[in-house]
Trainee: 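Take a look at the following structure, please.
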Amino acid sequence: MIDKSKIEAGVKLLLEGIGEDLTREGLVGTPERIARMYEEIFAGMEQSPKEHLEKKFTENSAGQMVLEKDISFYSMCEHHLAPFFGKVHIAYVPNKEVVGISKLARTVEVYAKRPQLQERLTNQIADAIMEYLAPQGVMVMIEAEHTCMTMRGVKKPGTKTVTYVTKGCFAQNDSLKQDFLQMVKG
């Protein structure tokens, strides 16, 4: 449960810590605004992917890849609480059931709206699809820019980090992986 009063108190301390005047016109109300924003940004803390992936449809498409690519996401790096953002590509090979395509994007949101690491985010999405949809296999790829690296530290804007995970038939079949990569590039 998100405690907005604790967030507000923390933001006040942060602003005081950097030498700001909390009574300055531009900062009046900032702690409350940030608390509301964090409630939205971290909404995934109270959600489960199950609610999105449990509504399935029987479909006789066993063996055929389903790909949803370029799913935009925003998350917060748990090391610096700085944003990272990019695209998620998800493919799965159904057994007997499929989900509505919006449910894959909603699953991304559940995990992206938590303090995160990109590597964990990639695995969590794949694991949820395997658990709740039970496909023959899944492959998830994330391409992201991390502001903790682009606006601070080494300051290399435009640098992308790419992670991917394969499960089931994608882990066992190199040509299926290659098909996925070709479709994502195309």
Side-chain angles (χ1 to χ4, degrees), residues 1-2 36-148 160-173 176-186:
M1 184 82 144
I2 292 177
R36 286 192 311 272
M37 177 184 72
Y38 274 24
E39 187 175 43
E40 179 182 338
I41 288 173
F42 296 116
M45 298 292 294
E46 300 172 11
Q47 296 177 345
S48 167
K50 182 179 180 182
E51 66 188 83
H52 303 297
L53 295 172
E54 68 185 355
K55 174 88 170 123
K56 298 174 243 182
F57 305 96
T58 302
E59 179 58 42
N60 189 15
S61 59
Q64 298 176 8
M65 184 190 318
V66 176
L67 171 69
E68 187 167 342
K69 67 180 193 172
D70 296 330
I71 303 167
S72 295
F73 80 95
Y74 299 88
S75 193
M76 295 290 270
C77 166
E78 69 182 34
H79 294 149
H80 298 96
L81 288 183
F84 69 98
F85 57 92
K87 304 282 185 190
V88 178
H89 316 290
I90 301 171
Y92 70 97
V93 176
N95 262 326
K96 296 177 184 159
E97 297 176 310
V98 296
V99 291
I101 56 175
S102 70
K103 304 310 183 195
L104 298 177
R106 290 184 191 282
T107 299
V108 169
E109 288 298 301
V110 166
Y111 291 115
K113 289 182 177 275
R114 300 175 181 188
Q116 262 308 356
L117 295 175
Q118 182 174 333
E119 297 86 346
R120 182 186 313 122
L121 177 60
T122 310
N123 278 298
Q124 287 174 324
I125 294 165
D127 288 343
I129 292 168
M130 288 299 288
E131 180 177 351
Y132 298 114
L133 188 54
Q136 294 178 38
V138 65
M139 185 165 178
V140 177
M141 174 190 277
I142 298 180
E143 302 172 272
E145 184 170 330
H146 293 251
T147 61
C148 59
K160 297 259 192 316
T161 300
V162 179
T163 53
Y164 78 89
V165 65
T166 58
K167 303 216 178 254
C169 62
F170 282 92
Q172 301 155 358
N173 185 330
L176 195 56
K177 273 190 270 197
Q178 291 306 313
D179 289 347
F180 170 90
L181 295 170
Q182 284 297 106
M183 291 168 72
V184 166
K185 279 173 60 176

Trainee: Among residues two or more places apart or on two chains, list those pairs meeting ring pair (Phe, Tyr, Trp, His ring centres under 6.0 Å) that have a residue in residues 125-147.
Mentor: Phe84-His146
Trainee: Sorted by first residue and then second, give each salt bridge (charged side-chain N to carboxylate O under 4.0 Å, His left out) pair with at least one member in residues 115-144; sequence neighbours left out.
Mentor: Glu78-Arg120, Asp127-Lys167
Trainee: List for me each residue that meets side chain to side chain contact (heavy atoms under 4.5 Å, CB included) alongside His80, sequence neighbours excluded, and say none if there are none.
Mentor: Cys77, Ala82, Cys148, Arg152
Trainee: Taking side chain to side chain contact (heavy atoms under 4.5 Å, CB included) as the definition, give me every residue that meets it alongside Ala134, ordered by chain and number, with sequence neighbours left out.
Mentor: none
Trainee: Going by side chain to side chain contact (heavy atoms under 4.5 Å, CB included), name the residues that satisfy it together with Tyr38, two or more places apart in sequence or in a different chain.
Mentor: Ile7, Ile34, Ile41, Phe42, Met76
Trainee: With sequence neighbours excluded, tell me which residues meet side-chain hydrogen bond (donor to acceptor under 3.5 Å, both in side chains) with Lys87.
Mentor: Ser72
Trainee: Under 3.5 Å, side-chain donor or acceptor atoms of residues 178-186 against the rest of the protein: list the pairs with distances, not counting sequence neighbours.
Mentor:
none

Trainee: Who pairs with Lys103 by side chain to side chain contact (heavy atoms under 4.5 Å, CB included), at least two apart in sequence or on another chain?
Mentor: His52, Leu53, Val99, Arg106
Trainee: With sequence neighbours left out, what residues match Thr122 under side-chain hydrogen bond (donor to acceptor under 3.5 Å, both in side chains)?
Mentor: Thr163
Trainee: Would Val93 and Leu176 count as a side chain to side chain contact (heavy atoms under 4.5 Å, CB included) here? Give the steps.
Mentor: CA-CA 10 Å; Val93 176; Leu176 195 56; 4.1 Å; yes
Trainee: Which residues satisfy the salt bridge (Lys or Arg N to Asp or Glu O under 4.0 Å) test with Glu109, sequence neighbours excluded?
Mentor: Lys113
Trainee: Partners of Glu68 by salt bridge (Lys or Arg N to Asp or Glu O under 4.0 Å), sequence neighbours excluded?
Mentor: none
Trainee: Hey, are the side chains of Val138 and Leu133 touching, using non-hydrogen atoms and a 4.5 Å cut-off?
Mentor: no
